[in-house]
Structure formats: C-alpha cells, structure tokens
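Working notes, structure below.
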Amino acid sequence: MKANIAIQILPTGLNDAETVRVVDEVIAYIRSTGLHYYVGPSETSIEGDDLHQLVEILENCVRIANRAGSEKVYAYTKLTYRGEGSVLTIDEKITKHHQ
C-alpha cells in the first residue's frame, strides 16, 4: 500500500440517532469502494495505492453526509503517503491489539 487515510465525519445539527444514520451512510459508501478499510470508534481508515482515489473518497464522504441531512459537515483526516515503497497497512498497525 502506498497510502492510507483516516476519515472522521462529524455531521452537525442532528440528534444522536440521526448522526449515527448519516455516519452509517458514509461507511456504506466506503464499503462500496472495494478498498480495505477499518471502522474504529472515532474514525474509519482506508488504504490503497492511488492517492487521488483516497482524496476523492474523502470528498464523496463529505457530500454524502450533506445529502443525508447534515447541513454542515466537519471532516477530520490523517493522510499517509509514500511515493516509493509502502506505508504500514491497517493490519500491520492493529492486528497485535486484537488478539
């Protein structure tokens, strides 16, 4: 993997149930990309080889949250990229903590 991105989408102006519904729609979209991802309690990590694709996924996540009912959307991200070689994968980072 050449890149990974962690995305936290925070819809605003919604009650807890509606916030969860919006975030669930975003996660369903991420699942539909076919990329390897991991849903954590505060963010979802996605990995791939195409930096442009990961940034496009971020943009789509924001738009999906907006269309799903969040008037204003905050998106917090962490992006790791290595042009030559590879970055640590999600599994390399977390597997030892889930035994």
Between atom [atom1] of [X] and atom [atom2] of [Y], what is the distance when rounded to the nearest 0.5 Å?
{"X": "Thr89", "Y": "His36", "atom1": "OG1", "atom2": "NE2", "value": "7.0 Å"}
{"X": "Ile9", "Y": "Glu25", "atom1": "CD1", "atom2": "CD", "value": "12.5 Å"}
{"X": "Thr80", "Y": "Lys93", "atom1": "OG1", "atom2": "NZ", "value": "5.0 Å"}

Verify the neighbour count for atom [atom1] of [X]: are there more than 12 heavy atoms of other residues, nucleotides or ligands below 6.0 Å?
{"X": "Arg21", "atom1": "CZ", "result": "yes"}
{"X": "Asn15", "atom1": "CG", "result": "yes"}
{"X": "Tyr74", "atom1": "OH", "result": "no"}
{"X": "Lys78", "atom1": "NZ", "result": "no"}

Residue pair Leu54, Leu35: steps toward the side chain to side chain contact (heavy atoms under 4.5 Å, CB included) verdict: CA-CA 10 Å; Leu54 294 178; Leu35 295 177; 3.9 Å; yes
Shortest non-hydrogen contact from Cys61 toward Ile7: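 Distance-wise, the nearest heavy atoms are SG-CD1, 4.3 Å.
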Main chain of Ala65, side chain of Ser70: is a donor-acceptor contact present, judged purely on distance under 3.5 Å?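 No: the side chain of Ser70 does not pair with the backbone of Ala65.
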Under 3.5 Å, is there a donor-acceptor pair between the side chain of Glu47 and the main chain of Ile90?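 Such a contact is found between Glu47 side chain and Ile90 backbone.
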Taking side-chain contact (heavy atoms from CB on, under 4.5 Å) as the definition, give me every residue that meets it alongside Asn66, ordered by chain and number, with sequence neighbours left out.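 Applying side-chain contact (heavy atoms from CB on, under 4.5 Å) to Asn66 gives Val73.
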